[in-house]
Q: 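Input: one structure, supplied below.
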Amino acid sequence: MKCVMIVDGNLPRGIIANTTAVLGISLASEIEGLVGKKILDKDDRIHEGITNVPIPILTLSKEEIKIRYDDLLEEKDSEIKVIAFNDVAQKSLNYNDYELKLSSTNKEQINYLGLCLYGPRKKINKLTGNLRMLR
C-alpha cells in the first residue's frame with residue numbers, strides 16, 4: 001500500500017503544514033495499522049507510534065487538485081481512499097460550523113487545499129507518478 005499527499009504548492013507554508021496534518025490525522029483514523037506501536041528507547045522512555053509508511057508530499061495547482069478530486073470521486077475505485085481538505089473546512093470555526101457551511105455549498109464553490117490518496121502502490125503510482133515533489 002502507498003500513501004501520497006497532494007497540496008497546492010502556492011499556499012503559504014503554514015497552510016500547507018496544516019493541510020498535511022489534517023489529512024494525516026484523517027487517514028490514520030480510517031486505516032487500521034497505519035500507525036506503528038509505541039516503542040521504548042534505551043532509557044525506557046516511551047515514543048508514541050508514528051506512521052509506518054512514507055508519505056511523499058506532491059504538488060499541483062488548486063485547479064488541478066479540484067479536477068483530480070472530482071475525477072477520483074467519479075471513478076469510485078473502492079481500493080483507493082481519497083481524503084480532501086477544503087477551504088470551507090479551513091475557514092470554519094469548529095466542526096459544527098464546517099458541517100453547516102459544507103452542507104449548503106455546491107461542489108463548484110469548493111476549493112481544495114490538498115488531497116490524501118491511499119491504496120495499492122501500483123494504482124497510486126499510476127495516479128501520481130508524474131507529479132513533482134513539494135520543495
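The analysis underlying the following values was restricted to heavy atoms, covering all of them including side chains, and did not include hydrogens, waters or symmetry mates.
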Q: Kindly indicate whether the side chain of Glu74, heavy atoms from C-beta on, has any atom under 4.5 Å from the side chain of Lys76.
A: no
Q: Considering only heavy atoms from C-beta outward, does the side chain of Leu100 approach that of Asn96 to under 4.5 Å?
A: no
Q: Have a look at Ile6 and tell me which of Thr59, Leu134, Leu23, Leu131 forms a side-chain contact (heavy atoms from CB on, under 4.5 Å) with it.
A: Leu131
Q: If you look at every heavy atom in Ile16 and Leu11, which pair is closest and at what distance?
A: CD1-O, 3.4 Å
Q: Nearest heavy-atom pair of Leu127 and Asn130: which atoms, and what distance?
A: O-OD1, 4.2 Å
Q: Regarding Lys66 and Asp70, does a basic nitrogen lie under 4.0 Å from an acidic carboxylate oxygen?
A: no
Q: Using side chain to side chain contact (heavy atoms under 4.5 Å, CB included), reason through Asn86 and Tyr98 one step at a time and then give a plain yes or no.
A: CA-CA 10 Å; Asn86 59 58; Tyr98 170 52; 3.4 Å; yes
Q: Between Cys116 and Cys3, what is the shortest heavy-atom contact and its length?
A: SG-SG, 3.7 Å
Q: What pair of heavy atoms forms the shortest contact from Leu115 to Tyr69, and how long is it?
A: CD2-CD1, 3.5 Å
Q: Using distance alone, with no hydrogens and no angle criterion, decide if Lys62 and Asn10 have a side-chain donor and acceptor under 3.5 Å apart.
A: no
Q: Indicate yes or no: at least one non-hydrogen side-chain atom of Tyr112 is less than 4.5 angstrom from one of Asp87.
A: no
Q: Flag the pair Leu58 / Met5 as yes when at least one side-chain heavy-atom distance between them is below 4.5 Å, and no otherwise.
A: no
Q: Quick test of your reading: applying salt bridge (charged side-chain N to carboxylate O under 4.0 Å, His left out), list the pairs with at least one residue in residues 108-131, sequence neighbours left out, ordered by first then second residue.
A: Asp77-Lys123, Glu79-Lys123
Q: Is there a side-chain contact between Pro120 and Lys2 (heavy atoms, below 4.5 Å)?
A: no
Q: Listing request: all ring pair (Phe, Tyr, Trp, His ring centres under 6.0 Å) pairs with a residue in residues 3-30, at least two apart in sequence or in separate chains.
A: none
